[in-house]
Colleague: 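Okay, handing you the structure first.
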Protein chains: 2
Amino acid sequence: MTSLLDHTIAAVVPADAGAAQAARELHTRLTKPPGSLGELEDLSVRLAGLAGSCPPPLPTPGAVAVFAGDHGVHACGVTPWPQEVTAQMVANFLAGGAVVNAFARQAGVGVTVVDVGVGSELEPADGLLIRKVRAGTRDFTVEPALTRDEAVAALQVGIEVAGVLIDGGAAILLTGDMGIANTTPAAALVAAFTGADPAAVTGRGTGVDDDTYTRKVSVVRAGLDRHRVSAADPIGALAAVGGLEHAAIAGYILGAAARRVPVVLDGVIAASAALVAAALAPDAVAAMVAGHRSVEPGATVALAHLGLTPLVDLGLRLGEGTGALLALPIVASAVRVLHEVATFDSAGVSEKSGISEK
Amino acid sequence: MTSLLDHTIAAVVPADAGAAQAARELHTRLTKPPGSLGELEDLSVRLAGLAGSCPPPLPTPGAVAVFAGDHGVHACGVTPWPQEVTAQMVANFLAGGAVVNAFARQAGVGVTVVDVGVGSELEPADGLLIRKVRAGTRDFTVEPALTRDEAVAALQVGIEVAGVLIDGGAAILLTGDMGIANTTPAAALVAAFTGADPAAVTGRGTGVDDDTYTRKVSVVRAGLDRHRVSAADPIGALAAVGGLEHAAIAGYILGAAARRVPVVLDGVIAASAALVAAALAPDAVAAMVAGHRSVEPGATVALAHLGLTPLVDLGLRLGEGTGALLALPIVASAVRVLHEVATFDSAGVSEKSGISEK
């Protein structure tokens with residue numbers, strides 16, 4: 001029997017080169033100097049290739065899923081924030097009081113919170129999907145964070161959520177995350193999948209002091225050394241040093257890619273999850289849009305590895321989906337150009353001469 | 001008798017340090033790690049200072065004015081585009097077919113086109129304000145582009161338009177421009193007001209070849225040499241080497257600042273106009289938001305001179321207001337945080353401990 005994960009990976013197909021080429025060609029006929037929209041032109045071409053049509057569908061409405069989980073490495077002292085803040089922030093999301101809610105209202109996007117691994121029991125609530133695989137990961141400096149089955153289960157939660165949101169009408173998905181200590185497993189995943197040294201991909205997360213930072217790098221290094229993770233076994237690496245929300249986001253990305261729906265990556269949690277998704281299904285990269293460049297160094301290393309250029313670069317390090325939400329209007333604007341801008345012919349605008357005057 | 005310009009300059013007052021401080025303090029109590037919104041925190045603090053209230057008003061709805069003019073230096077061969085494209089693009093704006101229209105629809109912003117100096121006569125149309133000061137500037141390599149009176153008249157057109165849009169309900173203004181050859185006077189203004197060498201601030205505009213680029217730098221240098229412009233006489237410099245849309249945008253910025261309404265700068269035309277506005281009323285900088293970093297090198301030099309950090313940096317070089325429109329949702333998101341995000345106290349979220357664990 002084929003699992004949901006296997007089925008989804010098999011459904012991720014290469015981008016349509018013909019549709020991408022049609023978008024590139026259309027750009028030369030629109031009433032603007034060629035290339036004058038910079039990165040937005042490349043983005044719109046990629047989205048045409050993903051959709052297999054030019055123009056690609058307008059990416060509206062969007063939906064953001066905030067995957068929440070807790071982390072065994074919290075016990076190692078990698079953050080000054082208490083673990084219960086994960087559940088408290090979930091309550092804040094559900095009450096509409098977090099930054100992700102404010103940005104989502106601005107962008108006209110619905111917020112769905114997914115408990116894929118919060119340490120405490122959550123009460124059912126509107127806007128909350130309880131899909132807890134387990135109540136937080138294990139401490140990866142001692143044992144694998146997850147079993148392989150747990151990692152696959154969390155991946156499948158993400159696939160399911162992507163499907164629910166797309167079936168509900170979402171034309172673009174955005175990633176979000178909440179999990180105190182979750183930049184530590186993110187750094188470990190980035191190191192595992194890119195080969196970078198832990199010190200080069202570990203950041204200060206929510207803003208840790210020098211001692212905590214040094215300890216955090218040691219924790220990442222200890223996890224990688226203990227489990228001898230390899231990018232050649234993506235699920236093994238994810239299980240060894242990852243997190244439940246990282247796994248779920250990787251699945252969410254695969255679920256979007258399998259449906260040829262773009263997915264806007266938020267910060268370092270999403271970037272690390274994107275490495276897992278790309279290792280499982282390389283063509284999934286075609287569905288990824290890098291929302292922003294997080295301050296976390298692992299995000300930049302991961303995006304470079306994936307060949308993605310972030311749209312927003314404003315020194316954010318909040319997570320929750322906030323960076324992805326800031327990028328969404330830019331993505332929508334890029335696609336609108338292919339739908340709405342007149343051609344030189346249709347607008348009666350003269351093109352530039354081939355020879356410069358005088 | 002005090003002119004509209006004098007009156008407007010006198011109405012530009014310093015930012016309110018108390019409101020800015022209140023915003024800075026509020027940020028420390030909101031449910032997010034301190035500083036985690038990066039540049040958006042500084043932006044929201046600046047806008048509180050401008051408005052004199054914390055939170056500052058939500059910047060919605062916005063309005064973009066596209067100021068159009070033609071240029072005597074077109075005769076010098078600084079661009080491969082024919083001059084009639086200015087009027088053709090105005091028609092395209094009015095028909096809704098340009099990129100600025102697509103981006104404005106995405107952002108929910110109305111577009112007003114202002115003929116402040118198009119070379120040909122335009123028919124009246126909905127959405128077009130005909131405020132032609134003269135039918136294009138003079139060639140500044142031969143004589144001053146404008147008389148001082150013409151420069152002041154164009155500044156006052158911009159002030160008037162800002163007032164009309166704010167009286168019509170706009171809570172934030174965006175700059176836009178159209179004028180074949182207008183990056184040449186922009187480069188001259190940036191050199192005049194920053195002291196930079198023409199070669200350091202002249203760019204390839206809509207995409208000129210090497211010969212045209214070399215000629216363009218020479219034209220800028222010739223204008224500056226001929227008129228011995230000085231930043232100490234802003235209106236003199238503007239008249240000597242500027243453009244009608246540059247002057248109008250400078251007035252538009254002053255008009256916004258005098259009303260304590262933020263104004264999002266688009267690309268190099270706006271940045272050069274902002275230098276004029278800042279020279280006339282230094283406190284006007286408090287109202288300026290740098291929408292994006294244009295590919296044009298003069299934009300970066302001007303923004304650095306003004307101490308402004310661009311919000312979007314995507315390789316755009318189109319003008320029209322497109323970069324400002326991409327930035328608008330980011331500005332709105334930054335302000336929403338101060339309105340809508342819960343505090344640690346109100347949401348029952350624990351703060352981080354002062355001492356790192358373990």
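All heavy atoms count here, side chains included; hydrogens, waters and symmetry mates do not. A, B, ... follow the sequence lines: proteins, then strands. Residue 1 opens every chain. Predicted model, so just to flag it, every value in this text is computed and none were measured.
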Colleague: Answer yes or no: is there an ion pair linking B/Asp210 with B/Arg204, defined by an N-O contact shorter than 4.0 Å?
Modeller: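 Counted as a salt bridge, because a side-chain N and a carboxylate O are separated by less than 4.0 Å.
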Colleague: Highest number of heavy-atom pairs under 4.5 Å with chain A: which of B/Leu314, B/Leu328, B/Val295, B/Leu316?
Modeller: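 Of the candidates given, the most pairs with chain A belong to B/Leu314.
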Colleague: Is B/Thr300 reaching over with its side chain to a backbone N or O of B/Glu296, donor-acceptor style, under 3.5 angstrom?
Modeller: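 Answer holds: no.
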Colleague: Given a strict heavy-atom distance threshold of 4.5 Å, which part of A/Ala95 is in contact with chain B: side chain, backbone, both, or neither?
Modeller: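 No part of it gets close to chain B.
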Colleague: Tell me, out of B/His339, B/Glu351, B/Arg336, who's got the most heavy-atom pairs with chain A below 4.5 Å.
Modeller: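 Heavy-atom pair counts peak at B/Arg336.
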Colleague: Considering all heavy atoms of both residues, which atom of B/Ala87 and which atom of B/Val118 are nearest to each other, and what is their separation?
Modeller: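 Nearest pair, atom of B/Ala87 first, then B/Val118: CB-CG1, 4.0 Å.
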Colleague: Main chain of B/Met89, side chain of B/Asn92: is a donor-acceptor contact present, judged purely on distance under 3.5 Å?
Modeller: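 Absent.
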Colleague: For the atom pair OG1 (A/Thr184) and NE2 (A/His71), what is the distance rounded to the nearest 0.5 Å?
Modeller: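 A/Thr184 OG1 to A/His71 NE2: 8.5 Å, rounded to 0.5 Å.
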Colleague: Under a 4.5 Å heavy-atom cutoff, which of B/Pro329, B/Ala342, B/Gly97, B/Gly96 has the most pairs with chain A?
Modeller: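 Of the candidates given, the most pairs with chain A belong to B/Gly97.
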Colleague: Among the options A/Pro33, A/Gly315, A/Gly205, pick out the one with the most heavy-atom pairs lying under 4.5 Å from chain B.
Modeller: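 With the most close heavy-atom pairs to chain B, the winner is A/Pro33.
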Colleague: Could you check whether B/Thr141 and B/Asp139, counting side-chain N and O atoms only, form a donor-acceptor pair closer than 3.5 Å?
Modeller: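 B/Thr141 and B/Asp139 do have a side-chain donor-acceptor pair below 3.5 Å.
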Colleague: Can any side-chain N or O of B/Asp177 pair as donor or acceptor with the backbone N or O of B/Ile269 at less than 3.5 Å?
Modeller: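 Judged by distance alone, no pair lies under 3.5 Å.
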Colleague: Under a 3.5 Å threshold, yes or no: a donor from one side chain and an acceptor from the other, between B/Lys32 and A/Thr206?
Modeller: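 Distance-only check fails for B/Lys32 and A/Thr206.
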Colleague: Going by side-chain contact (heavy atoms from CB on, under 4.5 Å), A/Leu94 matches just one of A/Val111, A/Asn101, A/Val113. Which one?
Modeller: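 Answer to the side-chain contact (heavy atoms from CB on, under 4.5 Å) test with A/Leu94 among A/Val111, A/Asn101, A/Val113: A/Val113.
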Colleague: Can you tell me which portion of A/Tyr213 sits under 4.5 Å from chain B's heavy atoms? Options are side chain, backbone, both or neither.
Modeller: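 Contact with chain B is absent: no heavy atom of A/Tyr213 under 4.5 Å.
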Colleague: Give me the atom names and distance for the closest heavy-atom approach of B/Thr86 to B/Ala68.
Modeller: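 Closest pair (atom of B/Thr86, atom of B/Ala68, distance): CG2-CB, 4.4 Å.
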Colleague: Is chain A contacted by the side chain of B/Leu325, its backbone, both, or neither, given a heavy-atom distance below 4.5 Å?
Modeller: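 Neither the backbone nor the side chain of B/Leu325 comes within 4.5 Å of chain A.
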Colleague: Could you have a look at B/Ala327, B/Ser346, B/Ala332, B/Ala91 and say which one has the most heavy-atom pairs with chain A under 4.5 angstrom?
Modeller: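 Counting heavy-atom pairs under 4.5 Å, the top option is B/Ala332.
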Colleague: Determine which residues belonging to residues 35-45 of chain B lie within contact range of chain A, meaning some heavy atom pair is under 4.5 Å apart, and list them by number or answer 'none'.
Modeller: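 Within residues 35-45 of chain B, near chain A: B/Gly35, B/Ser36, B/Leu37, B/Gly38, B/Glu39, B/Leu40.
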